[in-house]
Colleague: 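Shown below is the structure under consideration.
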Amino acid sequence: MKNANRKMTMVLHIICPIAAGALIYGMLSPDVFFIKKAVEFTGGTVHMPVLRTGGVFSGMVRNYLPDMMWGYSLVFALFCIIGNHGAGVRKVFLIAFLFSAAMEMVQKASFVPGTFDVFDIFAELLTETLAAWIIYKLYSREDI
């Protein structure tokens, strides 16, 4: 039973940040590619204008927190897929960071809709480091 609880905790570390990032986009960013595609898919509105978007704090939340949440989830997802058996937490962190940085660079080249921002890379590095540290402290020495 202990092993099942650890797997559920790992899944929550993946799903909850993604949901939080999507919620932030839904509240603050109707112009983001993800929200536009969600509107097309649902055929209705997804935007929930709950927070004011003109302030510095809401701008920081809008621009960086969703990326941070998704970078955090990426590390946990990669660890669930290839960690412990295929790669240690350091390798998982390196793969996640390189993937995140590459996705930002692809935005710079206009292959993927989005706006390149070097601070996105730093924000993702911060949360990916946090996720790797949490995994290392809690899970890396055990089978999941």
Colleague: Quick check: is Trp70 connected to Leu23 through a chain of hydrophobic side chains (ILVMFWY, heavy atoms under 4.5 Å apart)?
Modeller: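 They do share one cluster, since a chain of ILVMFWY contacts under 4.5 Å joins Leu23 to Trp70.
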Colleague: According to a 4.5 Å side-chain heavy-atom criterion applied to Ile, Leu, Val, Met, Phe, Trp and Tyr, with indirect links allowed, do Leu65 and Val118 form part of one hydrophobic cluster?
Modeller: yes
Colleague: Shortest non-hydrogen contact from Ala131 to Tyr72?
Modeller: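 Shortest heavy-atom separation between Ala131 and Tyr72 comes out as CB-CD1, 3.5 Å.
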Colleague: Once rounded to the nearest 0.5 Å, what's the spacing between atom OG of Ser100 and atom CD1 of Ile95?
Modeller: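 If we round to the nearest 0.5 Å, Ser100:OG and Ile95:CD1 are 11.5 Å apart.
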Colleague: So which heavy atom on Cys80 is nearest to which on Ile14, and how close?
Modeller: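 Looking at all heavy atoms of both residues, the closest pair is SG-CD1, 3.9 Å.
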Colleague: Could you label the plane-to-plane angle of the Phe93 and Phe97 rings as parallel, tilted or perpendicular, counting under 30° as parallel and over 60° as perpendicular?
Modeller: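 Phe93 vs Phe97 ring planes: parallel.
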Colleague: Specify the closest pair of heavy atoms between Met69 and Ala20, including all atoms of both residues, with the distance to one decimal.
Modeller: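 Met69 and Ala20 have their closest heavy atoms at SD-CB, 4.3 Å.
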Colleague: CD/Glu104 to CG/Asp120 distance, rounded to the nearest 0.5 angstrom?
Modeller: 4.0 Å
Colleague: Is Val11 reachable from Ile135 through a run of I, L, V, M, F, W or Y residues, each pair having side-chain heavy atoms under 4.5 Å apart?
Modeller: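 Ile135 does not cluster with Val11.
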Colleague: Measure the CE-CD1 distance between Met10 and Ile15 for me, rounded to the nearest 0.5 Å.
Modeller: 12.0 Å
Colleague: First locate atom OG1 of Thr9, then atom CD1 of Ile134, and finally report the distance between them rounded to the nearest 0.5 Å.
Modeller: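 Going from OG1 on Thr9 over to CD1 on Ile134, the span is 12.0 Å.
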Colleague: Would you name the heavy atoms of Ala132 and Val75 that are closest together and state the gap between them?
Modeller: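 Minimum heavy-atom contact is N-CG1, 3.9 Å.
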Colleague: If you measure from CD1 on Ile121 to CD on Glu124, what distance do you get to the nearest 0.5 Å?
Modeller: 7.5 Å
Colleague: Quick one: do Leu12 and Val92 end up in the same hydrophobic cluster if we chain Ile, Leu, Val, Met, Phe, Trp and Tyr together by side-chain heavy atoms under 4.5 Å apart?
Modeller: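 No, Leu12 and Val92 fall in different hydrophobic clusters.
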Colleague: Search all heavy atoms of Gly71 against all heavy atoms of Glu128 and return the closest pair with its distance.
Modeller: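 Smallest heavy-atom distance, with atoms named: O-CG, 3.4 Å.
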Colleague: How many angstroms lie between atom CG of Leu74 and atom CG of Asp67, to the nearest 0.5 angstrom?
Modeller: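 Between Leu74 CG and Asp67 CG, I get 11.5 Å after rounding to 0.5 Å.
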Colleague: Following the transitive rule for hydrophobic clusters with a side-chain heavy-atom cut-off under 4.5 Å over Ile, Leu, Val, Met, Phe, Trp and Tyr, establish whether Leu138 and Ile82 coincide in one cluster.
Modeller: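 In one cluster with Leu138: Ile82, yes.
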Colleague: Where does the angle between the aromatic ring planes of Phe119 and Tyr64 fall among parallel (under 30°), tilted (30 to 60°) and perpendicular (over 60°)?
Modeller: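 Taking Tyr64 first and then Phe119, their aromatic rings stand perpendicular (interplane angle over 60°).
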